[in-house]
Chemist: 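This structure is in structure tokens; I'll ask about it shortly.
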Amino acid sequence: MDNLKSLYNLALEYSNKGEYQKAIELLEKVYNLSCNEFGEEHPDTIFYLNDLNKGLISGILEMTSGIRQVSNLDINQNLKLSIITGFLS
């Protein structure tokens, strides 16, 4: 039980630092260990599964946010090039 809590707390630290992949890997491990030790319907196991889902969602949101930032950067650069090209023609 203490091992699970320690791994869980480490996963939270990774998540707080934005290291979602490491956090998700640890949360998966914690969930699987809890399933083996307590069963899938135990309240602790359900709690860990819930946090695993939150971690997956946070990771996805973080990835899409990065994609949106890159897309916005590309759009802004293309707009600037269009403006510059328009002035030069």
Side-chain angles (χ1 to χ4, degrees):
M1 180 74 153
D2 289 336
N3 189 29
L4 285 176
K5 286 184 181 179
S6 296
L7 288 173
Y8 174 75
N9 288 333
L10 183 57
L12 291 182
E13 287 300 315
Y14 281 131
S15 182
N16 290 337
K17 292 180 179 182
E19 297 181 41
Y20 297 109
Q21 184 61 40
K22 289 181 181 178
I24 290 167
E25 288 172 8
L26 276 179
L27 287 170
E28 286 176 339
K29 184 174 185 171
V30 168
Y31 170 71
N32 288 327
L33 289 170
S34 186
C35 280
N36 291 336
E37 189 168 332
F38 304 116
E40 290 181 2
E41 295 183 15
H42 190 275
D44 288 349
T45 304
I46 294 168
F47 174 83
Y48 294 136
L49 178 61
N50 185 46
D51 269 20
L52 174 58
N53 289 329
K54 287 180 192 176
L56 290 169
I57 291 169
S58 296
I60 290 168
L61 291 175
E62 182 69 20
M63 287 180 356
T64 57
S65 172
I67 291 169
R68 266 188 264 126
Q69 289 174 358
V70 170
S71 295
N72 289 340
L73 180 62
D74 290 343
I75 291 168
N76 288 336
Q77 287 177 341
N78 289 336
L79 182 60
K80 287 177 186 175
L81 285 174
S82 297
I83 292 169
I84 292 170
T85 306
F87 283 125
L88 295 177
S89 332

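The shown structure was predicted, so the numbers you read here are calculated from the model rather than taken from an experiment.
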Chemist: Identify, with sequence neighbours excluded, every residue that meets side chain to side chain contact (heavy atoms under 4.5 Å, CB included) alongside Glu28.
Modeler: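 Partners of Glu28 by the side chain to side chain contact (heavy atoms under 4.5 Å, CB included) criterion, ordered by chain and then number, come out as Ile24, Leu52.
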
Chemist: Closest heavy-atom contact between Glu37 and Leu4?
Modeler: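 Answer, listing the atom of Glu37 first, then Leu4: OE1-CD1, 4.2 Å.
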
Chemist: Enumerate the salt bridge (charged side-chain N to carboxylate O under 4.0 Å, His left out) contacts for residues 7-22, please, sequence neighbours excluded, ordered by first and then second residue.
Modeler: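 Listed by first then second residue: Glu19-Lys22.
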
Chemist: Excluding sequence neighbours, so at least two apart, what forms side chain to side chain contact (heavy atoms under 4.5 Å, CB included) with Asn50?
Modeler: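 Once residues adjacent in sequence are excluded, the partners of Asn50 under the side chain to side chain contact (heavy atoms under 4.5 Å, CB included) criterion are Lys54.
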
Chemist: Of all the heavy-atom pairs spanning Ala23 and Ser15, show the shortest one and how long it is.
Modeler: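 Smallest interatomic distance, heavy atoms only, reads CB-N, 3.7 Å.
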
Chemist: Give, for atom CG of Leu7 and atom CG of Asp2, the distance between the pair rounded to the nearest 0.5 Å.
Modeler: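 These two atoms lie 11.0 Å from each other.
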
Chemist: Residues two or more places apart in sequence or in another chain: which of them pass ring-ring contact (aromatic ring centres under 6.0 Å, His included) with Tyr14?
Modeler: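 With sequence neighbours excluded, Tyr14 shows a ring-ring contact (aromatic ring centres under 6.0 Å, His included) to no residue whatsoever.
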
Chemist: When you measure from the side chain of Thr45 to the backbone of Glu40, do you find a donor-acceptor pair of N or O atoms at a distance under 3.5 Å?
Modeler: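 No: the side chain of Thr45 does not pair with the backbone of Glu40.
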
Chemist: Using the side chain to side chain donor-acceptor pair (under 3.5 Å) criterion, which residues pair with Tyr8? Sequence neighbours excluded.
Modeler: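 Counting only residues at least two positions away or on another chain, Tyr8 forms a side chain to side chain donor-acceptor pair (under 3.5 Å) with Asp51.
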
Chemist: Could you report the tightest heavy-atom contact between Ser34 and Asp44, atom names first, then the distance?
Modeler: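 Closest approach of Ser34 to Asp44, heavy atoms only: OG-C, 4.0 Å.
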
Chemist: Identify whether Leu26 and Phe47 are in the same connected component of the hydrophobic contact network (ILVMFWY, side-chain heavy atoms under 4.5 Å).
Modeler: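 Yes; Phe47 is reachable from Leu26 via cluster members.
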
Chemist: Could you work out, with side chain to side chain contact (heavy atoms under 4.5 Å, CB included) as the rule, every residue matching Gln21, not counting sequence neighbours?
Modeler: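 Once residues adjacent in sequence are excluded, the partners of Gln21 under the side chain to side chain contact (heavy atoms under 4.5 Å, CB included) criterion are Glu25.
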
